[in-house]
Structure formats: C-alpha cells, structure tokens
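Data first, discussion second: the structure below is written as structure tokens.
Here is the naming used below: chain letters follow the sequence lines, and residue numbers restart at 1 for every chain.
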There are 2 protein chains.
Amino acid sequence: MLNSYSSADKALLAVDCIIFGFDNQGLKILLIKRDFEPEKGKWSLIGGFLKRDEVLDNAATRILNTYTGLNDIYMEQLYAYSEIDRDPVERTISVSYYALINIENHNAELIKNYHAQWFSITDAPNLIFDHNEMVEHAIRRLRYRTSIKPIGFELLPEKFTMRQLLELYEAILSKELDKRNFISKINSLEILNKLDEKDMGSSRKGSYLYTFNKEKYEEKLLNDFVLNL
Amino acid sequence: MLNSYSSADKALLAVDCIIFGFDNQGLKILLIKRDFEPEKGKWSLIGGFLKRDEVLDNAATRILNTYTGLNDIYMEQLYAYSEIDRDPVERTISVSYYALINIENHNAELIKNYHAQWFSITDAPNLIFDHNEMVEHAIRRLRYRTSIKPIGFELLPEKFTMRQLLELYEAILSKELDKRNFISKINSLEILNKLDEKDMGSSRKGSYLYTFNKEKYEEKLLNDFVLNL
DNA sequence: ATTTATTAATGTAGATTTTACACTTAAAAC
DNA sequence: GTTTTAAGTGTAAAATCTACATTAATAAAT
C-alpha cells in the first residue's frame with residue numbers, strides 16, 4: 001500500500017481571517033499588530049497555520065476563537081492565495097475565511113492582549129503580504145452575500161432599529177438606500193419581529209426595535225430568495 | 001533573518017479540475033480513469049500536484065493543457081478541500097478549478113491516451129475521494145456565473161444558432177426556458193452578431209448563425225450586468 | 001402648558017421589467 | 001403542390017421597482 005506521493009512538493013498552509021463587525025460608525029474589520037518576524041509590528045489579518053489533524057474550517061474557527069473568544073460563528077471560505085513569495089519566509093499557501101460578528105460581543109480583554117484593533121473599512125491601514133487583496137475580496141463577497149441572504153443576525157445586536165439595519169446595508173454596499181423602499185423590501189421578506197419596545201436613544205419619538213425571526217429566515221433560505229436593494 | 005516557521009505542519013497541495021464542455025447532447029464533464037494507486041481504475045477529475053515554483057492558477061492551466069492540449073483557457077478557482085483523509089495516502093489539500101471549453105476543440109488523441117472521457121453531468125459515474133462534491137459545487141458556481149456573465153464563448157463553436165445557445169442555458173440551469181423571452185433577453189444584451197449564413201442541419205427552414213461580439217461583451221462587463229433568465 | 005425641534009413612520013402613482021402565450025414563414029421532402 | 005418541420009416573431013397583463021413628501025410622536029425648551 002502506497003503511503004506517500006514521494007515526488008510531490010509540500011507547502012505550509014495558513015488560514016487568514018477577515019472579521020467584519022459593525023457599530024454605529026460603520027463597517028469594521030479586526031486587525032492585529034503582528035508580533036513576530038517578518039513584518040513584526042505591521043498590521044495584519046488574524047491568521048495561523050493549519051495543523052496536521054485539522055481541516056481548514058476548524059482552523060478558521062480556532063483562530064477566530066483565539067483572538068475574540070467567540071464560538072459558533074459562521075465562517076465562509078473565500079479563496080486560496082498562492083503567489084510564490086507572498087510570505088518571504090517559506091512557501092505558504094493561505095486560505096482566507098471571513099466572519100461576521102457582533103462588535104459588542106467579542107472579548108475586549110483578549111483583543112487588547114493581542115494588540116488587535118477594529119478599523120473602519122474605509123480607513124484601515126496598509127496590511128502585510130497580500131492581506132489588502134484578501135480584504136477587498138472579502139468585501140466584494142460580503143456585498144454579493146447581501147443579495148442572496150439577509151445579513152444582520154451576525155452584525156447587529158439582538159434588538160435593533162430599522163435605521164441600524166439600513167445603515168448596516170448602506171455600509172456594506174457603500175451606497176445610499178431609499179429608506180421607505182428599504183423598509184418595505186425588508187418587511188416583504190417577513191423575517192423580522194417588530195417588538196413593542198422602542199429605542200429612545202436616537203430621537204424624541206423613539207424607534208421600534210426589531211429582532212430577527214430565525215425560523216422564518218431558515219424557511220426562506222430553502223427557496224433561495226434574491227434581495228435587490 | 002527567519003527562514004522557516006519551524007513548528008508548522010506541511011501538506012501536499014493538489015489541484016483538481018472540473019472541465020465543462022457542451023455538445024448537442026447537453027452539458028458534459030471530462031473525467032479520467034485513474035492510472036495509479038490508490039483507487040486505480042476508478043473515475044476521477046483530472047488533477048495533479050502543485051509544484052514548488054508554481055502558483056495555483058498555473059497548476060490548473062498546466063493540468064488542463066496536459067490532458068486536453070488546450071491553452072489560454074480561462075479557469076476559475078472554486079474551493080479548497082481539506083478533510084483529513086480525503087486522500088488516504090497522504091494529507092493533501094486540494095484546490096479545485098473549473099474551466100469551460102468547446103468540446104470540439106480539444107485534442108482527442110490526448111484524451112484517448114489518458115483514458116479520459118466525456119460524461120453527461122446527468123449520468124456521470126461515481127468519482128473518487130470528494131470529487132463528486134467538487135462537481136456539484138462547480139455546477140452551482142456555473143449556474144451563478146450565468147446570471148452575471150454570458151456563457152457561450154467558451155462552450156459553443158464559433159458559429160452557433162439561437163437554439164444551441166438556448167439549449168446550453170437550459171442544460172446549465174437545468175430548467176426549460178421560454179424561447180421568445182430568451183431570445184429577446186439575449187438580444188437586448190447586444191453581444192451577438194447575426195450572420196447572413198444559415199445552419200441547415202436541423203430544419204428545412206434553416207436557422208441563422210450567430211457569433212459572439214467579444215468587444216461589446218467586454219464593454220458590457222465593465223458595468224456588471226445581470227441576466228435574469 | 002405651549003411651543004419647538006427632531007427623527008420615525010407611512011403610501012402611491014408612474015415607469016420598467018417580466019411573464020405567458022400562438023401564429024406565420026421558409027425550405028426541403030415527397 | 002402538398003406536407004412537414006423547426007424557425008422566427010409581438011403583445012398585453014402582471015409584477016416589480018423607483019421616486020418622492022407629509023404627518024406623527026415625543027422630549028426639550030420656554
């Protein structure tokens with residue numbers, strides 16, 4: 001029984017994660033100040049190496065957990081990057097993943113210890129290696145995702161206002177949306193629960209809070225819907 | 001200067017290619033009878049290992065060229081598969097690519113020598129490892145691609161009839177399309193040239209032949225269009 | 001208590017796009 | 001010249017999308 005493909009070349013496999021979060025200042029990504037050579041001290045995506053007994057999806061969730069303390073976050077594989085010298089130390093193929101997290105939920109302590117920091121996607125610093133490219137790629141994918149799945153579950157607090165949801169979509173799509181049309185399109189999906197409660201933080205009148213109705217959402221997903229905003 | 005990330009585990013990298021072709025019998029994929037262990041004699045995607053000095057895109061085009069003789073074919077990366085024992089011999093991460101080729105253009109000689117064969121996607125044999133999953137994934141991606149880019153350039157002969165184009169789309173989407181609506185949607189894209197020539201093969205009346213107008217097509221791509229069939 | 005200021009909430013008409021659908025035409029075969 | 005076969009063609013109704021402005025609720029200021 002064969003136990004190696006002896007002539008073939010091996011390489012390191014890395015996983016790099018684009019972690020999106022949202023707050024009232026817009027769409028953000030989590031970056032880390034790299035604490036080892038090469039490029040020590042420069043900003044980077046969070047990442048790590050794939051282990052012998054680990055699949056890529058697990059490496060991605062492990063890395064996310066290490067830096068944020070979060071578990072059970074849905075991550076999606078993006079793309080494999082393989083330029084020969086993308087990492088100057090050793091041939092490394094990196095598979096990128098992205099995640100959407102609620103910016104309020106992560107473990108701030110951990111982030112601080114790792115010198116990680118949230119940056120608005122509009123003014124993030126330059127990143128090492130091909131990480132800038134990965135981020136652009138992830139933003140494109142996220143935009144596409146808005147057209148086939150609702151986003152919000154992950155990026156907003158449990159209770160949110162229509163304005164917050166609108167602003168989230170505006171941040172992701174980086175264009176202005178018509179408020180009335182947006183609300184009626186979202187309502188037509190029938191995946192929100194309107195609460196009796198109001199958020200009084202943003203206006204005299206106060207605005208109703210909503211939650212996502214996960215059951216109806218899952219139901220909708222079966223007949224893959226399209227959302228044209 | 002650091003020259004290795006010594007603690008990290010290496011793995012083999014494979015590239016597997018889903019090669020789509022189209023003829024009057026429908027959408028097909030090119031498969032090969034594997035001629036080495038393990039799973040020798042079973043059907044498989046065409047694939048190979050990534051070399052030390054090679055990027056993934058190049059490995060994919062090299063593999064395509066080896067088995068079909070074709071050059072300059074656009075290929076798109078699909079996904080990285082990493083289950084621990086997906087290849088029982090050694091830990092191998094496989095990155096899949098798909099290509100669309102004109103089934104008439106490949107080198108039939110080469111295909112024969114490699115014991116490769118075209119199979120209709122509706123009755124392809126069971127494949128080794130996780131290759132069935134890769135094929136399903138590629139078909140989904142191809143369907144998506146039809147909604148954002150015209151297909152046909154690659155899969156049809158240079159001159160083709162509206163019927164052929166319609167049947168190509170029906171095969172990809174695996175649903176019936178209304179002939180009149182299809183034609184008017186395609187025409188509204190303004191990317192076809194209607195020739196004076198007719199194809200007399202399929203009817204008494206004969207049907208006009210068309211070619212793709214590559215320039216207009218490229219032009220359209222800049223303002224990313226959507227095609228709802 | 002009244003006024004003022006601020007954001008939330010709401011509906012529609014016109015334009016555009018999508019859908020469903022059936023008859024005529026051209027040419028070859030007989 | 002009659003028959004056969006697939007090609008070619010248009011429209012009306014339905015659905016969706018877009019643009020757009022007023023009223024409502026409340027707290028703050030007076």
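Side-chain polar atoms of A/Y97 and A/D57 form a donor-acceptor pair below 3.5 angstrom. Judged by distance alone, the side chains of B/D199 and B/T161 never bring a donor and an acceptor atom under 3.5 Å apart.
Side chains of B/W118 and B/I111 form a contact here, defined as non-hydrogen atoms less than 4.5 Å apart. Put simply, the side chain of A/H131 does not reach to within 4.5 Å of the side chain of A/W43, judged on heavy atoms.
The CG-C1' distance, from B/L229 to C/dT17, rounds to 14 Å in whole Å. Between the NZ atom of B/K185 and the P atom of C/dT17 there is a distance of 12 Å, rounded to whole Å. Between the CD1 atom of A/I186 and the P atom of C/dA9 there is a distance of 14 Å, given to the nearest Å. Straight-line distance from the CE atom of B/M162 to the P atom of D/dG8: 8 Å, rounded to whole Å. Rounded to an integer number of Å, the gap from A/L209 CG to C/dA8 P is 12 Å. Separating the CG atom of A/L189 from the P atom of D/dT16 is a distance of 12 Å, rounded to the nearest angstrom. Atom OH of B/Y208 and atom P of C/dT25 are 14 Å apart (whole Å). As rounded to whole Å, 21 Å separates atom P of C/dA15 from atom CG of A/N228.
Across B/P125 and B/L31, no two heavy atoms sit closer than the pair CD-CD1, 3.6 Å.
With a 6.0 Å radius and a threshold of 12 heavy atoms from other residues, nucleotides or ligands, B/K214 has its NZ atom at or below the threshold. In this structure, A/Q117 places its CD atom where more than 12 heavy-atom neighbours from other residues, nucleotides or ligands lie under 6.0 Å away. No more than 12 heavy atoms of other residues, nucleotides or ligands lie within 6.0 Å of NZ in A/K159, so this atom counts as exposed by the packing criterion.
B/R141 pairs by the salt bridge (Lys or Arg N to Asp or Glu O under 4.0 Å) definition with B/E76, not counting sequence neighbours.
A heavy atom closer than 4.0 Å to some atom of DNA chain D occurs in B/S202, B/S203, B/R204, B/K205, B/G206, B/S207, these being the qualifying members of residues 190-207 of chain B. Within residues 171-184 of chain B, the residues that place at least one heavy atom under 4.0 Å from DNA chain C are, in residue-number order, B/D178, B/R180, B/N181.
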